[in-house]
Peer 1: 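Could you have a look at this structure, given as structure tokens, before my questions?
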Amino acid sequence: ILNVEQSPQSLHVQEGDSTNFTCSFPSSNFYALHWYRWETAKSPEALFVMTLNGDEKKKGRISATLNTKEGYSYLYIKGSQPEDSATYLCAFIGSSGGGADGLTFGKGTHLIIQP
Amino acid sequence: DTEVTQTPKHLVMGMTNKKSLKCEQHMGHRAMYWYKQKAKKPPELMFVYSYEKLSINESVPSRFSPECPNSSLLNLHLHALQPEDSALYLCASSPRGVSYNEQFFGPGTRLTVL
């Protein structure tokens with residue numbers, strides 16, 4: 001069983017503040033890491049696919065970094081807005097047999113932006 | 001068309017019933033996935049179809065039977081389920097097999113087993 005951990009479990013942030021949270025995953029047999037945003041009553045939506053150690057990706061006010069050697073990724077949100085309220089899931093893809101294994105999701109960070 | 005659709009949205013079934021969940025995408029994606037998500041837990045991968053062939057089965061009980069009739073359609077046949085199988089069942093697709101591609105998720109089917 002793969003250990004994919006996200007912290008914190010939940011987070012309350014004031015509108016306009018910046019925030020970040022963590023995904024930790026096995027540092028061996030790394031293939032890729034995905035970040036998804038899941039708003040209540042909607043489908044999970046992909047934010048980033050990260051594959052290389054040192055990767056930094058950005059989409060608007062949201063960015064992510066990747067460290068495969070130590071097994072963690074950070075997601076940053078700059079200037080939080082109410083519409084950023086959602087659960088943020090990371091998903092680890094390993095490679096145990098040469099090809100890619102399936103996704104293993106973390107439990108998510110539930111982010112609430114307070115006006 | 002850039003979405004994954006799932007039917008039905010909600011399903012209530014008894015333990016002796018046989019039912020099916022349906023998932024469809026018209027994005028030309030060649031990989032499709034079934035996930036199970038229980039309350040307050042992350043989605044758990046059940047099956048992966050790649051180019052219409054079952055490529056990953058995460059030791060799912062045989063009362064769940066996947067089927068991929070063509071590259072746009074994925075079914076999950078349910079038979080003799082248990083109350084603990086009640087969950088949100090999510091379907092997803094990606095351009096190719098499990099790889100560097102992001103997955104596109106449907107809205108899910110909320111299943112209740114009585």
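Both backbone and side-chain heavy atoms feed into the values below; hydrogens, waters and symmetry mates do not. Convention: sequence-line order gives letters A, B, ...; per-chain numbering from 1.
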Peer 1: Is there a path of hydrophobic side-chain contacts, each under 4.5 Å between heavy atoms of I, L, V, M, F, W or Y residues, that connects A/Leu33 with A/Tyr76?
Peer 2: no
Peer 1: Is atom NZ of A/Lys42 surrounded by more than 12 heavy atoms (other residues, nucleotides or ligands) closer than 6.0 Å?
Peer 2: no
Peer 1: Answer with side chain, backbone, both or neither: which region of A/Trp38 has an atom nearer than 4.5 Å to a non-hydrogen atom of chain B?
Peer 2: side chain
Peer 1: With the side chain counted from C-beta on, respond yes when B/Pro43 and A/Leu89 share a heavy-atom pair under 4.5 Å apart, and no when they do not.
Peer 2: yes
Peer 1: Going from CG on A/Leu103 to OH on B/Tyr35, what distance comes out if it is rounded to the nearest 0.5 angstrom?
Peer 2: 4.0 Å
Peer 1: Atom CZ of B/Phe105 and atom CD of A/Glu45: how far apart are they, to the nearest 0.5 Å?
Peer 2: 11.5 Å
Peer 1: Taking B/Leu21 as the starting point, is it possible to reach B/Val4 by hopping between hydrophobic residues whose side chains are less than 4.5 Å apart?
Peer 2: no
Peer 1: Suppose a student defines contact as a heavy atom less than 4.5 Å from any heavy atom of chain A. Which residues in residues 73-82 of chain B would they list?
Peer 2: none
Peer 1: For atom NZ of A/Lys78, is the number of surrounding heavy atoms from other residues, nucleotides or ligands below 6.0 Å larger than 12?
Peer 2: no
Peer 1: Hey, is NZ on B/Lys19 packed in by over 12 heavy atoms from elsewhere, all under 6.0 Å?
Peer 2: no
Peer 1: Drop me the distance from B/Gln6's CD to A/Ser43's OG, to the nearest 0.5 angstrom.
Peer 2: 7.5 Å
Peer 1: Is there a chain of hydrophobic side chains (I, L, V, M, F, W, Y, each step under 4.5 Å between heavy atoms) that links B/Tyr33 to B/Tyr49?
Peer 2: no
Peer 1: So which of A/Ala91, A/Ala41, A/Gly108, A/Gly106 has the largest heavy-atom pair count under 4.5 angstrom toward chain B?
Peer 2: A/Gly106
Peer 1: Side chain from CB out, backbone as N, CA, C, O: work out which of these in A/Lys107 comes under 4.5 Å of a heavy atom of chain B, or both, or neither.
Peer 2: both
Peer 1: Quick one: what part of A/Phe48 sits under 4.5 Å from any heavy atom of chain B, side chain, backbone, both or neither?
Peer 2: neither
Peer 1: Taking a hydrophobic cluster as the set of Ile, Leu, Val, Met, Phe, Trp and Tyr residues connected by side-chain heavy atoms closer than 4.5 Å, whether directly or through intermediates, do B/Phe64 and B/Leu90 fall within one such cluster?
Peer 2: no
Peer 1: Are B/Val113 and B/Val60 linked, directly or through other ILVMFWY residues, by side chains that come within less than 4.5 angstrom of each other?
Peer 2: yes
Peer 1: Are B/Gln103 and A/Tyr36 packed together at the side-chain level, in the sense that at least one heavy-atom pair is separated by less than 4.5 angstrom?
Peer 2: yes
Peer 1: Cut-off 3.5 Å, no hydrogens considered: what does the side-chain donor-acceptor table look like for residues 10-21 of chain A, sequence neighbours left out?
Peer 2:
from    : atom 1 : to       : atom 2 : distance (Å)
A/His12 : ND1    : A/Gln114 : NE2    : 3.2
A/Ser18 : OG     : A/Gly79  : N      : 3.2

